[in-house]
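The structure presented is a predicted model; accordingly, all values stated were derived computationally and were not measured. Here is the naming used below: chain letters follow the sequence lines, and residue numbers restart at 1 for every chain.
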There are 2 protein chains.
Amino acid sequence: MAEAAQTISDHIHKMLDDLTRAERQLALSVLENYPASGLGPLTALAKDADVSVPTVARMVQKLGYKGYPEFQAALREELKAKVKTPIAKHDTWAEAAPSGHILNRFTEAVIENIRLTLGQIDPTAFDHACDLIADVDRHLFIVGGRITHTLAEYLFLHMQVVRPHVTHVQSTSNTWPHYLLNAKEGDVFVIFDVRRYENNTLKLAELAHERGAKIILITDQWRSPVHQLATVCLSNRIVVPSAWDSATTTMLLLETMISSVQTLNWTQTKARIEGLEDMFDQTKLFRKFT
Amino acid sequence: MAEAAQTISDHIHKMLDDLTRAERQLALSVLENYPASGLGPLTALAKDADVSVPTVARMVQKLGYKGYPEFQAALREELKAKVKTPIAKHDTWAEAAPSGHILNRFTEAVIENIRLTLGQIDPTAFDHACDLIADVDRHLFIVGGRITHTLAEYLFLHMQVVRPHVTHVQSTSNTWPHYLLNAKEGDVFVIFDVRRYENNTLKLAELAHERGAKIILITDQWRSPVHQLATVCLSNRIVVPSAWDSATTTMLLLETMISSVQTLNWTQTKARIEGLEDMFDQTKLFRKFT
DNA sequence: ATTGATGTGTGATAAATGTTTCACAATTGT
DNA sequence: ACAATTGTGAAACATTTATCACACATCAAT
């Protein structure tokens, strides 16, 4: 086997001197568009480098691999590792804890979730969702399920500050049909639904959709069935080393959305926040600092 | 052939709706380790995604390729092109969005918060907190404030599954003195308090402390005044480009704690989760999948 | 120039591996 | 109970890989 510590391309560079002319020509061709060319069939590589098939086979073994497939596997491994951003393979996050400690394992998983979630998000769709939520001419309904209702409430709390006409609906409660009576065309529903997807939520979404409301769905990577009715669907990776799924990534997306909406409605928000601050000062519910 | 203008991963995303369950599962797995996993043998991919070999063959054709090798060739082409473009611009999280987009700015700030928070955490204190929370001989009180009560509730929801004797107290409500009557020496209070720190929360903490209860405080980097009474104090960075503070880091810490407690009480938790699943199945409130 | 050692390409081929497809059973949701 | 989806096992098929023998080229040393 080849050494582990370094990349394969480094390894090839080091070996360059020990290679013969044709082999060197081949090696340089591999490095030319690395690593793509090494991932194709041996024959193609040989033709590409303008060397013969046995030369490839010989060189690969000279590099220390048992065969071409093993070489390819190594390249794939390296590629896999490379795609993860440098920050993601920060092996220990809690430096004082061993790398196997749950603090590090969990954090690593969440960072990976964030990377994958953000990597696949469509900024246009995201912006569109924010525009809809920021539009005060539309009534805003926020719908959460059994677990997600905490996230829904978090959004609700902030939207209350940013704009009027916000309603928090719990899909698990019996009261939601009443809210729906008030929903009219063009209104916006932000619906949270992660596995296990809730039948109530789906029904609510269907009714909302029938009434011509826009639906913004916040779900997981497997996507709630609601997504077929949704104007915008934002999906999150939620898998972590735990018996439950993680809401952290969703929280991040949510807060980003809040921040964005807040900016869109800034003049309104500013006035409302100041009003709130005054009230806090008067009620002395909060302390100013420390 | 697949369209050229976009990346294959985009294309897969677009097709997600037209795919069946197993195919979607496979597609998501391909995106998980993109593009490395798609460059290995078909058999390996199938095993990786936990689907059958024919499923892979079917999906690849559904995506518009003549066969798996053609699909691989397309992936290689894309990889080749990607490496060529000016220095990997992987400093952005949402690749499709400009680096100044709120999605990237916000995420970057949160990652930095996580890094700083985890970097300064004391694993021993953390473990101690988890032990206290997992101890079923102690009654567990969970206390949240105006904003943080959503986090408190999130913890409460999970602790309800993991163990008995859990109470959720809202410091802003008028009912909390009643709960306190039941608190006895050795009981545990998990208290959330971030700026602006709430007077009610502090009073509640004082009373709990007088009664000999242990206090686990979850706060921000400036630390709530409650920390003088706390047995364990976990502080989080919460600053983001927004008018409000971020709860994402706190959520991460919370979920890590939940995961850890869950492991400590695993035999109990397992039985309780299974009971819960049965109940869900019976009430048909939730759908099994997709 | 001749020699011999080394490296390289050719073409063929056997073996291995990977791919595609089939019929059928099992499962799942409607 | 029906239709759609999926997995199983197997077989047929295609491709790829690893080698071989051999011819040819190169080059350094005699």
Side-chain angles (χ1 to χ4, degrees), chain A residues 15-30 36-76 195-199 202-203 206 222-228, chain B residues 15-30 36-76 277 280-282 284-290:
Chain A
M15 297 286 281
L16 230 44
D17 287 333
D18 302 336
L19 300 177
T20 60
R21 187 199 52 81
E23 286 169 347
R24 194 154 42 236
Q25 178 181 331
L26 165 63
L28 290 172
S29 163
V30 169
S37 57
L39 292 166
L42 184 149
T43 325
L45 178 58
K47 205 161 100 194
D48 222 52
D50 217 17
V51 299
S52 68
V53 168
T55 301
V56 181
R58 281 190 285 253
M59 188 201 67
V60 164
Q61 300 190 7
K62 219 181 217 173
L63 286 177
Y65 300 94
K66 231 182 131 201
Y68 188 68
E70 195 185 298
F71 172 67
Q72 287 188 312
L75 279 178
R76 278 198 304 272
R195 69 172 185 191
R196 314 170 48 150
Y197 311 117
E198 300 181 23
N199 281 328
L202 180 56
K203 285 202 191 105
E206 277 164 356
W222 303 282
R223 299 197 302 181
S224 147
V226 173
H227 89 267
Q228 288 160 344
Chain B
M15 296 288 280
L16 231 43
D17 284 329
D18 302 334
L19 299 178
T20 59
R21 198 216 85 232
E23 287 170 345
R24 194 154 43 235
Q25 178 181 333
L26 166 64
L28 289 170
S29 162
V30 170
S37 59
L39 292 167
L42 182 150
T43 325
L45 178 57
K47 206 161 98 194
D48 223 52
D50 218 16
V51 300
S52 66
V53 167
T55 301
V56 181
R58 283 190 284 250
M59 188 201 68
V60 166
Q61 300 191 7
K62 219 180 216 176
L63 287 177
Y65 301 93
K66 232 185 129 197
Y68 187 68
E70 194 184 299
F71 171 67
Q72 287 188 313
L75 279 178
R76 277 198 304 275
E277 295 275 316
F280 286 148
D281 286 346
Q282 280 169 33
K284 297 200 176 161
L285 250 174
F286 301 86
R287 18 180 77 217
K288 263 260 160 74
F289 219 75
T290 304

Among the nucleotides C:dG7, C:dT20, D:dT8, which one has an atom lying closest to any side-chain atom of B:Ser52? D:dT8
Rounded off to whole Å, could you give me the NZ-to-P distance for the B:Lys47 and C:dT17 pair? 14 Å
pair B:Thr43-B:Val56: side-chain heavy atoms closer than 4.5 Å: no
Which nucleotide in C:dT20, C:dT8, D:dT17 has an atom nearest any side-chain atom of A:Leu42: D:dT17
In whole angstrom, what separates B:Lys66's NZ from C:dT19's P? 15 Å
Closest nucleotide among D:dA18, C:dT19, C:dT10 to the B:Pro41 side chain: C:dT19
When you get a sec, tell me which of C:dG9, C:dT21, C:dT19 is the closest nucleotide to the side chain of B:Ala57? C:dT21
Proximity to the side chain of B:Pro54 - top-ranked nucleotide from D:dG9, D:dT17, C:dT8: D:dG9
If we only count heavy atoms from C-beta on, is the B:Leu26 to B:Leu45 side-chain gap below 4.5 Å? yes
Take the protein atom NZ of B:Lys62 and the nucleotide atom P of D:dA4, then report the distance between them rounded to whole Å. 13 Å
With side chain to side chain donor-acceptor pair (under 3.5 Å) as the criterion, how do A:Gln72 and A:Arg76 come out once you've worked through the C-alpha distance, each side chain's angles and the decisive distance to 0.1 Å? CA-CA 6 Å; A:Gln72 287 188 312; A:Arg76 278 198 304 272; 4.8 Å; no
Terminal axes of the helix from C:dA1-D:dT30 to C:dT30-D:dA1 (5 end pairs apiece), angle rounded to 10 degrees, sit apart by 40°
Out of C:dG9, C:dT19, D:dT6, which nucleotide sits closest to the side chain of B:Ala22? D:dT6
Spacing of B:Leu45 atom CG relative to C:dG18 atom P, expressed in whole Å: 13 Å
To the nearest Å, how far apart are B:Phe71 CZ and D:dT15 P? 19 Å
Under 4.0 Å between a side-chain N/O of B:Gln25 and OP1 or OP2 of D:dT6, yes or no? no
Rounded to whole Å, CZ of B:Arg58 lies from P of C:dT20 at a distance of 13 Å
Give one of base, sugar-phosphate or nothing for A:Val56, where a contact means two heavy atoms less than 4.0 Å apart. nothing
Within the distance-only criterion (no hydrogens, no angle test), does the side chain of A:Tyr65 pair as donor or acceptor with the backbone N or O of A:Met59 below 3.5 angstrom? no
Checking contacts here: which listed nucleotide (D:dT17, C:dT19, C:dT21) is nearest the side-chain heavy atoms of B:Gln61? C:dT21
Validation row: B:Lys62, B:Thr20 side chains within 4.5 angstrom (heavy atoms): yes
Taking CZ from B:Arg21 and C1' from D:dG7, how many angstroms apart are they, rounded to a whole number? 10 Å
Any side-chain N or O of B:Thr55 under 4.0 Å from OP1/OP2 of D:dT5? no
